[in-house]
Amino acid sequence: MTTRDNAPAAIKLSARHLWKVYGPGADGFFDSTGPRLGAEQSLREMRAHGHMPAVIDVSFDVREGEIFVIMGLSGSGKSTVIRCLSRLVEPTHGEVKLDGEDLLGKSTAELIEIRRHKMGMVFQNFSLLPHLTVFENVAFPLKLQGLGLKDRRRRVEHVIALVGLEGRESSFPDELSGGQQQRVGIARSLAVEPDVWLLDEPFSALDPLIRRQMQDEFLRIQNTLKKSIVFITHDFLEALRIADRMAIMRDGRIVQIGTPRELLLNPADAYVAEFTCDVPRSRLLTAGDFAVAGPAQAASMATVAGETGFDRLVEQLARNPDGLQVNDRHGARLGIITAASMVQTLASFTPVSPHAS
Amino acid sequence: MPAGMLLVAFALVCVLLSARYPWLVRFPAAAELPVAAAFNMALSAFEARTESAFKLVSRLLTSPMSMVRTALQLTPWSMVVLGFVAMAWRAGGIGFAAFVGASLLYVLGIGLWEQTMNSLALVILSVPISIIIGFGIGYLAFASKRAERLTNPLLDILQTVPAFAYLLPLLLLFGFGPVVGLIASIVFAFPAMVRNTMLGLRNVPSDILEAGEMAGATGRQLFWQVRIPSARYQLLVGVNQTTMAALSMVIIASIIGGTNDIGWTVLSAMRKADFGSSILAGIVIALLAMILDRLTAGFATRAKTHRSQKDIPFRAFAALVAAGLMVMYGASTRFDQLAAWPADWIADPSESLNRGIEALVLFTRPVLDAVKTGMLFFVMLPLKIGLQKVVGPASWGFQPGIWHVVGYVALAVSAASFALLKGRDVAASAILLVAILFYVGLTGLPWPVMVAVVLALGYRLGGLRLVAISGFALGFLLLTGSWQKAMLSVYLGSLAVILSFAIGSALGVLASENETFSRLMRPVNDTMQTMPQFVLLIPVVMLFAIGDFTALIAIIFYAYVPAFRYAEAGLRQVDGRVVEAATSLGTTRLQRLVHVKLPLAIPNLMLGLNQTIVYGIGMLVIAALVGTSDLGQEVYIGLSAGNFGQGMVAGLGMAAIAMLADSFCKAWQRHYRTRIRNG
Ligand SMILES: Nc1ncnc2c1ncn2[C@@H]1O[C@H](COP(=O)(O)OP(=O)(O)O)[C@@H](O)[C@H]1O
Ligand SMILES: [Mg+2]
């Protein structure tokens, strides 16, 4: 994904100092300004009393049209965060704003309205209603709103076409494959035409091959719809493919927020580095990253653009043993790449294994 | 000296002294409390005060009941048959529809239509009422923690108290008549709905509820459009169990008599030893049970497997059936044969059936009698009245002398010493106690010994709590003068439970190892379970006449099923990888079974035992109909003589025994689990 280089879009959804502590009477650890005893002391107290702090002081923004990925190991609190954003789980402390309005102060009726028009959610295990057909599942949120049959049909047909499920409208969920079921889940969440789209590990239950295909479809849909998205995954490669920006969570905290590139190139700590160490970092590098200062031999060298991806670059280099010249999009010269300089650059990116000392 | 040996010593002393002091065996009548009389007094006081209320309920139920009855009687048989066949087709396909059609024609053909419709009317009325009550209570228990805390023990009690025992108070409160059958069947049937409602509503996956919430459902929409439909299968399982319980109770309640229904037909024929008629009517009950079971289960399965079947949509189907019924109605006004089944179309094969049965009984008598007397002389009677009284020339073929007694003692003592040498002192005391028990018999065992053993065992397994429960239950039995009868119940019940468990588990083990046998047994088990217990009595009485042995066999027929099912399921659940590992170590199939699978399946076997106890005691009361002499018989006598106090005391006594057995079984399971955990 390329990050937008013009002025950043408006903030759609923001979380500030969000805490969720499971266990009865967890509110007692907080006053209106935050944990009473300071974060560390409070955490010790909570754990000592058998409470489970699942989300700890989490803050982030999601901009309009942005795909914001939250990633972390299982149990790190990702699902709890996304459920706090939709208030399926009431945060113990903190602030969630949607379009600048305080979401946590909304009444039940207001919340239902928001869910009916502004938010859609996709679940890891599809969560389809087993007794309804594909059509009825997708139409379910519209039916709850009391939308007329004709409008319902029109919208349902539209989203079913969008996810490529035409012809399966009258099947029941247990007659579909996992991938198809998740398409229904996606269609259902899009039927209300939400601005904010929340996806909790939507593809984790699918086979790798299907997963890949669904990711492509997801990106295709997002290219036409431009929703503001919070996407949860535990798969770093998936995050790399789709994230505009991402946050890495560990034990309830966010340890780093940034673009995939930033995380890869400058991991904040060993935990983040460990995630990234299995990733072929060449994946993210472009010709611009490899360009080194060198003598100008412009006439004899082929030129490549700064954004050229790694695979293309290697191919080009193989064809031009003398090396390549790298230009940016305005034609200005960034440097040159030779086989030797490329190997050197690659070696300098190889992370020090977090296990080795 | 270990506690076990102390018990043995105490038992010996009591037994030796009991010749001198008969009150050691027979609890002194002077110490008994007039509980039965008190019950009677309390009831009449209660009745006087609340009579109008109960009469009102009774009246409220009487008119809809007679309406349903009359409606079913007046409706042309052809319409009833068509309606049932249509439902069967919807629930279970064309084959089942044919089965239902043939069954109903059988009922018509042997001339039991009226009786069958009378019983069916009670079921048709009691099922919806039970379902509404059960769903309501189940919902409350689901929605409120406090309601749940009240509901769970109520369900436990209703499950352990034998069904029969409900009849008595109801009879006295509501007066004789079919309404009591209706009420009893509601009381008996609604707990199943409560359980399934609670289970179903609670087990809806949380992510489906979350999906509903995110779709913008209000609280009410979430309940009715997400939770209820997702729980639909479990709710329909509840409907199925409720229906079967209602039918079972409707049949049992007909022993009150005076109603022209199918249960009474079976019973009165059985009393006249007219086995032919009783079998013909018994088959009707069995068919009714199968139809109602498969009908309701079929709808449940339909709700589970959501298939976009190319089935006729419900509305079209309903319209079709309505049209068919209409046509049938028109036809039956024209042709009388379609309205009322003509008398000359009725066949009564009971005469020839009776001759056949007689021949069969005569033919099999030598073998059956040998089995029966063998069982009686060598197992049942020794446990009941003791070897001391049983052994004689007529039974064992010799007159016991002093040397026989010495031999018996020597045998017991050496077995116990052997156990002691192996370091198993509990086993040693158990051996000696059992030896004493078989010498004097359960009825000859001094009650202080029984009390001491139960309390000691209770303390060991469940601590003071279990001691308190045991003390309370045993105290009740002693003080109400029920002890002797109770021991007869214990004798018959424990023997039946042990045999049911042994037979059931053995067959279950076999079924887990042999696919063919398993497939063969499945319909047999299903039949035994869905059949109203009552029907099981017929063939057994036919073959063995009345008595304890007959009761024993009847109970085994009914109570082996849970043991079978839990054993088979338990063994099949054993982790395949463990078995594979054992195989790779070069074990034989038998070794794998004995050393790997069975130990891993023990928790399941224990659950099976628990269920066997519940089933066995439930059936024990019904077996009173075939002439036992225990507490169950007392219930029955109280019932037929209208002696509320007597019947109530006996019923509560049965309940106390059932509760005690259940508590001990559960305590033993806990004990076993903690022992496993602590190595
Ligand atoms: N309802 C709950 N009650 C108590 N603890 C919970 C509950 N839900 C989640 N947790 C705990 O909170 C932690 C974070 O869970 P979750 O947000 O589901 O993590 P993730 O989605 O990253 O796997 C886990 O340790 C989990 O056990
Ligand atoms: Mg999760």
Side-chain angles (χ1 to χ4, degrees), chain A residues 79 82-83 85-89 108-147 168-176 184-185 188-189 191-192 194 196-198 200-201 205, chain B residues 90-91 143-146 148-149 196-197 199-239 298-316:
Chain A
S79 294
I82 208 172
R83 279 167 174 70
L85 299 181
S86 56
R87 277 186 66 190
L88 285 172
V89 164
T108 312
E110 288 169 324
L111 191 61
I112 287 177
E113 275 311 297
I114 289 174
R115 287 174 180 163
R116 284 181 176 183
H117 299 290
K118 290 196 163 177
M119 275 187 183
M121 184 154 169
V122 181
F123 298 85
Q124 175 171 6
N125 296 313
F126 324 137
S127 308
L128 303 177
L129 294 170
H131 63 289
L132 299 182
T133 61
V134 167
F135 183 94
E136 291 164 335
N137 260 295
V138 176
F140 186 69
L142 304 176
K143 191 175 154 211
L144 293 183
Q145 297 177 17
L147 205 65
R168 300 308 306 257
E169 287 89 346
S170 54
S171 305
F172 282 92
D174 58 4
E175 295 171 310
L176 301 179
V184 180
R188 177 177 63 184
S189 69
V192 299
V196 174
W197 202 14
L198 308 172
D200 186 0
E201 306 208 21
Chain B
R90 191 81 182 163
S144 131
K145 274 265 167 291
R146 191 136 29 105
E148 189 194 348
R149 269 199 297 277
N196 282 290
T197 305
L199 197 69
L201 293 183
R202 193 166 297 155
N203 284 358
V204 175
S206 65
D207 59 328
I208 288 198
L209 294 170
E210 286 185 335
E213 274 189 76
M214 282 312 289
T218 62
R220 188 174 301 190
Q221 286 175 327
L222 196 65
F223 184 75
W224 289 107
Q225 300 194 37
V226 179
R227 199 182 280 274
I228 291 278
S230 304
R232 199 158 64 161
Y233 172 70
Q234 199 66 52
L235 293 175
L236 286 172
V237 168
V239 170
F299 283 119
T301 318
R302 253 181 94 101
K304 188 177 197 177
T305 56
H306 300 280
R307 293 265 164 254
S308 47
Q309 55 222 129
K310 307 288 164 270
D311 211 14
I312 305 174
F314 178 74
R315 283 209 196 125

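Within every chain, numbering begins at 1; the chains are lettered A, B, ... in the order of the sequence lines, protein sequences first and strands thereafter. All heavy atoms count here, side chains included; hydrogens, waters and symmetry mates do not.
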Student: Looking at A/Leu88, A/Thr133, A/Ile112, which has the largest count of heavy-atom pairs under 4.5 Å with chain B?
Tutor: A/Leu88

Student: Which residue out of A/Pro141, A/Ala109, A/Pro194, A/Ser127 racks up the most heavy-atom pairs below 4.5 Å with chain B?
Tutor: A/Ser127

Student: Go through the atoms of B/Glu210 and report whether side chain, backbone, both or neither lie under 4.5 Å from a heavy atom of chain A.
Tutor: both

Student: Give, as side chain, backbone, both or neither, the part of A/Leu142 having an atom under 4.5 angstrom from any heavy atom of chain B.
Tutor: neither

Student: With a 4.5 Å limit on heavy-atom distance, are the side chains of B/Ile208 and A/Pro130 in contact?
Tutor: yes

Student: Should B/Gln221 and A/Phe140 count as side-chain neighbours, where that means a heavy-atom distance under 4.5 Å?
Tutor: no

Student: Checking salt bridge (Lys or Arg N to Asp or Glu O under 4.0 Å) between B/Glu213 and each of A/Arg83, A/Arg115, A/Arg116, which is the one that passes?
Tutor: A/Arg115

Student: For the residue pair A/Leu176 and A/Arg168, establish whether any side-chain heavy-atom pair is separated by less than 4.5 Å.
Tutor: yes

Student: Considering only heavy atoms and a distance below 4.5 Å, find which of B/Asp207, B/Val226, B/Thr218 pairs most often with chain A.
Tutor: B/Asp207

Student: What verdict does the side-chain contact (heavy atoms from CB on, under 4.5 Å) test give for A/Leu128 and A/Arg188, after you've listed the backbone C-alpha separation in whole Å, the side-chain angles of each residue and the deciding distance to 0.1 Å?
Tutor: CA-CA 9 Å; A/Leu128 303 177; A/Arg188 177 177 63 184; 4.2 Å; yes

